[in-house]
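First up is the structure itself, then whatever we jot down about it.
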2 protein chains.
Amino acid sequence: MVLEDAKLKYIHTWGSLATSWGVNKTMAQVHALLLVSTKPLSAEDIMETLQISRGNVNMNVRALIDWGIVQKELVIGERKEFFVATKDIWELFKQITKERKRREVEPVLKVLADLQEIEDDSEEALEFKKVLNDLSKVTTTVNNILDKTIKADEHWLLSNFTKIVKK
Amino acid sequence: MVLEDAKLKYIHTWGSLATSWGVNKTMAQVHALLLVSTKPLSAEDIMETLQISRGNVNMNVRALIDWGIVQKELVIGERKEFFVATKDIWELFKQITKERKRREVEPVLKVLADLQEIEDDSEEALEFKKVLNDLSKVTTTVNNILDKTIKADEHWLLSNFTKIVKK
DNA sequence: CTAAACTTTCAATAATTATTGAAAATAAAA
DNA sequence: TTTTATTTTCAATAATTATTGAAAGTTTAG
């Protein structure tokens, strides 16, 4: 396989995988493209490589910037905008974790806490509250792990978890 | 809020949240319903509570069984099938983690390894391989953490991570 | 200022994914 | 065995989500 094919295969595979994690296919592909590109790309470049419309590129690039994993980059002598992806994978991982935590884990905790408020002491209500409480407990633990992960530096995490994992 | 309303609110909220994690809304709702139910439910019960068709119930219940988080339960004197959800939330969390790891994390590692195989030593190819290698490294670490989590018992995980998290 | 280059928006449309419901298959009862 | 209850399948359809493309908006150059 030649390099360009490998890159394309990577981009397309990434797109399909994204779906199972609730991520838009095109967004994953745009990110993958920027990640393996050695130079900043313009909207045109992305349109052409992925064969998608200008509007689609714009929306997905904005979303990626919003996630903090893609940045605008100025190219001298060029008027239009260029984009690059964070190449530090550890940083990328932390950023994605941080955003998903904020957008998707924390709201779950909020909902669970709200539901706990019910005033009813029947046997059945207590059972329901127990389920909610257990869900909160596990979710909180996960949330704390993610917090620590975000703050950790790569070396710390790898070595720490190696210890734990080898236990 | 009265108990039944709280349960329904929980079921519907869970359904919406599921979408951002790539889980079918109805599947999440069926699971939530079984989780907060104090007794085994039949296909009819689920159809009625969630207002969905028989075929839909059947497909989603099968999927949940396939994920290992719902079981059939025999009710004496009844001919039809009844279903219950694993009530142990820690067990539930481990089961989901295990399945997602198997279905979605491991295939990623496979793809990354395959792509590494490219025979090209140009500057650009080396950069590409570095990205792939970094992705593999982070994914492997995550995979190992998940492995250990699956094998851990609740107490071990909570206490261990509390230590780490408080660090 | 005006024109050109470029970006953003969003209603219309396409593509994907989920759901229905009735027929076929299966299993239990008579 | 035949009948009846129950589950499964799957083509048709509905609902959701993603994409297009052209018009409106914005920015920079002249």
Please figure out whether Gly55(A) or Val23(A) has its closest DNA chain D nucleotide nearer the 5' end.
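The answer here is Val23(A).
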
Do Asn144(A) and Thr141(A) have a side chain donor and acceptor closer than 3.5 Å?
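No, because no side-chain N or O of Asn144(A) sits under 3.5 Å from a partner of the opposite role on Thr141(A).
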
With no hydrogens and no angle check, do the side chains of Asp147(A) and Asn143(A) hold a donor and an acceptor under 3.5 Å apart?
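The answer is no; no qualifying pair exists.
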
Side chain to side chain, Val131(B) and Glu127(B), heavy atoms closer than 4.5 Å:
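Of all side-chain heavy-atom pairs linking Glu127(B) with Val131(B), none is under 4.5 Å.
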
Integer-rounded Å distance: [N] [atom2] and [X] [atom1]:
X: Glu78(B); N: dA29(C); atom1: CD; atom2: P; value: 12 Å
X: Met27(A); N: dT16(C); atom1: CE; atom2: C1'; value: 19 Å
X: Leu41(A); N: dC6(C); atom1: CG; atom2: P; value: 16 Å
X: Lys80(B); N: dT4(D); atom1: NZ; atom2: P; value: 18 Å
X: Asn58(A); N: dA23(D); atom1: CG; atom2: C1'; value: 15 Å
X: Leu50(B); N: dA18(C); atom1: CG; atom2: P; value: 16 Å
X: Asn24(B); N: dA15(D); atom1: CG; atom2: C1'; value: 12 Å
X: Arg54(A); N: dA24(D); atom1: CZ; atom2: C1'; value: 15 Å

Answer with base, sugar-phosphate or nothing: what part of the nucleic acid does Ser42(A) contact at a heavy-atom distance below 4.0 Å?
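Touches nothing.
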
Across the strands shown, which category fits Asn56(A) at heavy-atom distances under 4.0 angstrom: base, sugar-phosphate, nothing?
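Base contact - Asn56(A) has a heavy atom under 4.0 Å of at least one base atom.
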
Arg62(A) side-chain proximity, nearest of dT7(C), dT8(D), dT19(D):
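Output: dT7(C).
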
Nearest listed nucleotide, side chain of Ser53(B), among dT19(C), dG21(D), dA18(D):
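Among the listed nucleotides, the one closest to the side chain of Ser53(B) is dT19(C).
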
Tell me the closest heavy-atom pair linking Ile11(A) and Gln29(A), and the distance in Å.
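For Ile11(A) and Gln29(A), the tightest heavy-atom pair comes out as O-CG, 3.4 Å.
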
Between Lys25(A) and Met59(A), name the one whose nearest nucleotide on DNA chain C is closer to the 5' end.
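First, find each residue's nearest nucleotide; the 5'-ward one identifies Met59(A).
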
Under the side chain to side chain donor-acceptor pair (under 3.5 Å) criterion, do Asp120(A) and Ser122(A) qualify, and how do the steps go?
CA-CA 6 Å; Asp120(A) 184 334; Ser122(A) 66; 3.0 Å; yes

I'd like to know if Arg79(A) reaches the base of dT27(D) with its side chain such that a donor and an acceptor end up less than 3.5 angstrom apart.
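For Arg79(A), whose side chain was compared with the base of dT27(D), there is a donor-acceptor pair (under 3.5 Å).
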
